[in-house]
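Just below is one structure, and these are the notes that go with it.
Order of the sequence lines sets the chain letters (A, B, ...), proteins ahead of strands, with each chain counted from 1. Because the structure is a prediction, the values reported are computed rather than measured. When reading the values below, keep in mind they use all heavy atoms of this one structure, side chains included, and skip hydrogens, waters and symmetry mates.
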Amino acid sequence: MKKNWWKVVAAVCVLYTIIAGFLFKVPAQPILHETIRNLYFHVPMWFSMMTILFVSLWHSIKYLSKSAIESDIVASQAAHTGMLVGFLGLVTGSIWAKYTWGAWWVADTKLNGAAITMLIYLAYFVLRGSIDEEQKRARIAAVYNIFAYVMLIVFLLILPRMNDSLHPGNGGNPGFNKYDLDSTMRMVFYPAVIGWILLTVWIFTLRVRLEKVKQKLLYND
Amino acid sequence: MINSIKKATLLTAILIGSASAFAQDNQPVEMATGLYQSGKIYVVVTVVSIIFVGILTYLVMLDRKISKLEKEIKK
């Protein structure tokens, strides 16, 4: 139980987010109305994705320096979990866009950047699937993974800031601008980010442990 | 004469129209106050919380299952 305290933190934070996210007062903004509450659910998906993909990158670099197959397992499972939250972020963003901007998809730098990032990571799995030899697959995938994370930074963090975008926090504006000012929203938003990130990490550790068990069964028999 | 009356009415119509467009800035933003006043939002919060607790229990059970597997492999 001592080792699992952070899972409790994840559960409490997300549960608090659900309750406070629906019940606490939010600023009345034109166009957004009550959908402003999506901030507690849609945005943490991307924070989680970037965190877990960074874990993936970290272990890919570790693989390249030490060639331990364990690092490759961790890197690939982290990328998998990253795709899960990234997909959820993309879908929820699309729904939010439909009811505020009026379309499911807008050819916007932030939106297209997010979609391209997902495609780059999907290619990571195609690449893995196409190489049979374990060490070779791990090494090539690790190199590609470094490239993928650099592209993620370019498409999600740099290009949207250099162009005009409908999406908040872009077009030269690094923060959440108008939402950032509201202190009640911050009281929910920060725990939301922590909670969702920890929950994603939990799912990721489950995947890693299961994969390691699978590998052991495959090689010991 | 008729033409100028027409023009005048059109002009006033446009003016009134644009006045209401300006007035929009001061109108209150529509929020779900009714839902909050009736208290039925608590139903939504309860439903979503129960779903999340369900998912959490599922995760905890998965976690335990994997722990058991890990122990068995170590033996």
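Atom-to-atom distance recorded for A:L23:CG and B:I41:CD1 is 6.5 Å, nearest 0.5 angstrom. In this structure, A:L199 CG and B:F52 CZ are separated by 5.0 Å, a value rounded to the nearest 0.5 Å. Rounded to the nearest 0.5 angstrom, A:K25 NZ and B:M31 CE are separated by 7.5 Å.
Residues B:L35 and A:E34 fail the side-chain proximity criterion, which asks for heavy atoms closer than 4.5 Å.
Using non-hydrogen atoms only and a strict 4.5 Å limit, the part of residues 200-215 of chain A facing chain B consists of A:W202, A:I203, A:L206, A:R209, A:L210, A:V213. Annotation: residues 64-71 of chain B contacts chain A through B:I66, B:S67, B:L69, B:E70 [non-hydrogen atoms, separation under 4.5 Å].
Residue A:F87 qualifies as open at atom CZ: its count of foreign heavy atoms under 6.0 Å is 12 or below. Within 6.0 Å of CH2 in A:W101 there are more than 12 heavy atoms belonging to other residues, nucleotides or ligands.
Interface remark: A:I31 contributes no atoms to any contact with chain B (heavy atom separation under 4.5 Å).
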